[in-house]
Amino acid sequence: MAILVLGGAGYIGSHTVDRMINQGYDVVVVDNLLTGHRQAVHNKARFYQGDCRDRDFMREVFKVEPIEGVVHFAASSLVGESVENPLKYFNNNVVGMEALLEVMEEFDVKHIVFSSTAATYGEPEVSPISEDTPTNPKNPYGESKLMMEKMMKWCDEAYGMRYVALRYFNVAGAKSDASIGEDHDPETHLVPIILQVALGQRDYLTIFGEDYDTPDGTCIRDYVQVEDLADAHILALEYLKAGNASEVFNLGSNNGYSVKEMLDAARQVTNKEIPAVMGPRRAGDPSTLVASSEKAKNLLGWKPEYTDIQAIIKTAWNWHVQHPEGYQDK
Ligand code: UDP
């Protein structure tokens, strides 16, 4: 039997596929390659290029492949873009999920692990954030992911389709041998941008606001290493396979780092100056997002290997040094 990974050519998807193959899973990848990279997909995974909104294409994949479970990463994921173009997010993310659930129901596939986000919480006052913190998304991206979670919940009620929604906080790093890593175009994320400055590909980092209510005035986030995040998906599949009930889990580290602390850590790792300038706040950025991941640790048995922020950044740095232009397939 096989696991279908939708969006398996993306950043987190490709690391999850890699970990799954190395643990002996039979893996089928579907990706439309709009943002993913064919080269990022492990050569032992069977690859189909297509879109999960295309029901006929999806039916063909489910017909040919012995799929027993799905890991769903395929979605648009830029907060700013979602504010500018909400319908893109409701189409790609929500309509995509509806089509997927329809085909899963047709083929009697009952397990789905879903890539959700801390953006479902909005800007909660509490820290760290646990799963019972009320959801209140502040942008169409977070809203679309929360809608997708709710669609799975009602499909569980109606069809007994069980799900695990993994609400990620911030993810960073690359595979420890630097063979796969993060490559977005355009790049908007803090760690790759800092490292592109260290490589001389950008002149400086712009820090988005230093007037937040935090010790150094810059935003605080909770960074998880991508391989640790990938492992949580495999544990979630095993959790469903063991017959457990649908659940939502936060994935973070319980540790927050400010933008300035991340910059200092990257300076240590790279031994480069990394110039930075202050800029205005970025729309929609909450001041502090730190996860409590006790539930994932207790129920999934998740044990993140990387606890040191410099070690996380080092894996990203190795990837950027070895692949300064990313996958070079666009
Ligand atoms: N950030 C920044 N400059 C950049 C990119 C990001 O100051 O060029 C900040 C951003 O405001 C946020 C943190 O870095 O506080 C992490 O941003 P990222 O886009 O990596 O992830 P997000 O928290 O939006 O998921």
Side-chain angles (χ1 to χ4, degrees), residues 10-12 35 73 75-84 89 93 115-124 127-129 135 137-146 166-174 181-226 229 250-253 255-267 274-291 309 312-313 315-317 319-320:
Y11 172 40
I12 305 169
T35 55
F73 294 98
S76 301
S77 61
L78 297 176
V79 169
E81 183 190 54
S82 80
V83 177
E84 304 276 309
Y89 281 69
N93 298 1
S115 141
S116 190
T117 170
T120 53
Y121 293 111
E123 297 185 37
S127 188
I129 298 166
T135 50
K138 299 287 184 199
N139 52 62
Y141 166 62
E143 189 79 69
S144 71
K145 290 270 174 161
L146 187 59
L166 299 173
R167 292 182 180 157
Y168 314 153
F169 282 63
N170 288 62
V171 53
E182 187 168 13
D183 179 5
H184 297 115
D185 185 20
E187 189 52 76
T188 64
H189 295 107
L190 181 65
V191 172
I193 287 178
I194 289 176
L195 298 179
Q196 287 171 355
V197 179
L199 277 177
Q201 295 172 326
R202 293 175 188 252
D203 293 336
Y204 52 83
L205 167 75
T206 303
I207 297 175
F208 295 148
E210 58 170 347
D211 56 349
Y212 285 95
D213 183 19
T214 61
D216 68 17
T218 64
C219 288
I220 292 177
R221 294 288 181 273
D222 180 342
Y223 296 85
V224 177
Q225 211 275 351
V226 65
L229 197 73
N250 288 343
L251 297 180
S253 70
N255 291 312
Y257 293 91
S258 72
V259 176
K260 283 184 179 166
E261 287 172 333
M262 292 298 285
L263 181 59
D264 284 343
R267 285 174 172 151
I274 316 186
V277 301
M278 286 304 155
R281 289 183 176 198
R282 183 171 69 177
D285 268 346
S287 103
T288 302
L289 288 175
V290 177
I309 197 66
I312 295 177
I313 295 172
T315 66
W317 179 235
W319 156 259
H320 282 274

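FYI, the numbering just counts along the sequence from 1. Each ligand, and each atom within it, is numbered from 1 in the order the structure gives.
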Subject >> Contact residues of ligand 1, where a non-hydrogen atom lies under 4.0 Å away >> reply: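 Heavy-atom contacts below 4.0 Å: Asn170, Thr188, His189, Leu190, Ile193, Leu205, Thr206, Ile207, Phe208, Cys219, Arg221, Tyr223, Val259, Arg282, Asp285.
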
Subject >> Main-chain N/O of Asp211 paired to Arg281 side chain as donor or acceptor, under 3.5 Å >> reply: yes

Original post:
Just by modelled atom types, is the Asn93 backbone N or O under 3.5 Å from a matching donor or acceptor in the Lys145 side chain?
Top reply: no

Subject >> Test side chain to side chain contact (heavy atoms under 4.5 Å, CB included) applied to Ile274 and Arg202, Gln196, Arg267, the passing residue >> reply: Arg267

Subject >> Option passing side chain to side chain contact (heavy atoms under 4.5 Å, CB included) with Tyr168 (candidates Asp222, Ile12, Thr117, Val224) >> reply: Ile12

Original post:
Between Tyr89 and Glu81, do the side chains contain an N or O donor and an N or O acceptor separated by less than 3.5 Å?
Top reply: yes

**OP:** Please test Tyr212 against Asp285 for side chain to side chain contact (heavy atoms under 4.5 Å, CB included), starting from the C-alpha separation and ending with a verdict.
**Re:** CA-CA 10 Å; Tyr212 285 95; Asp285 268 346; 3.6 Å; yes

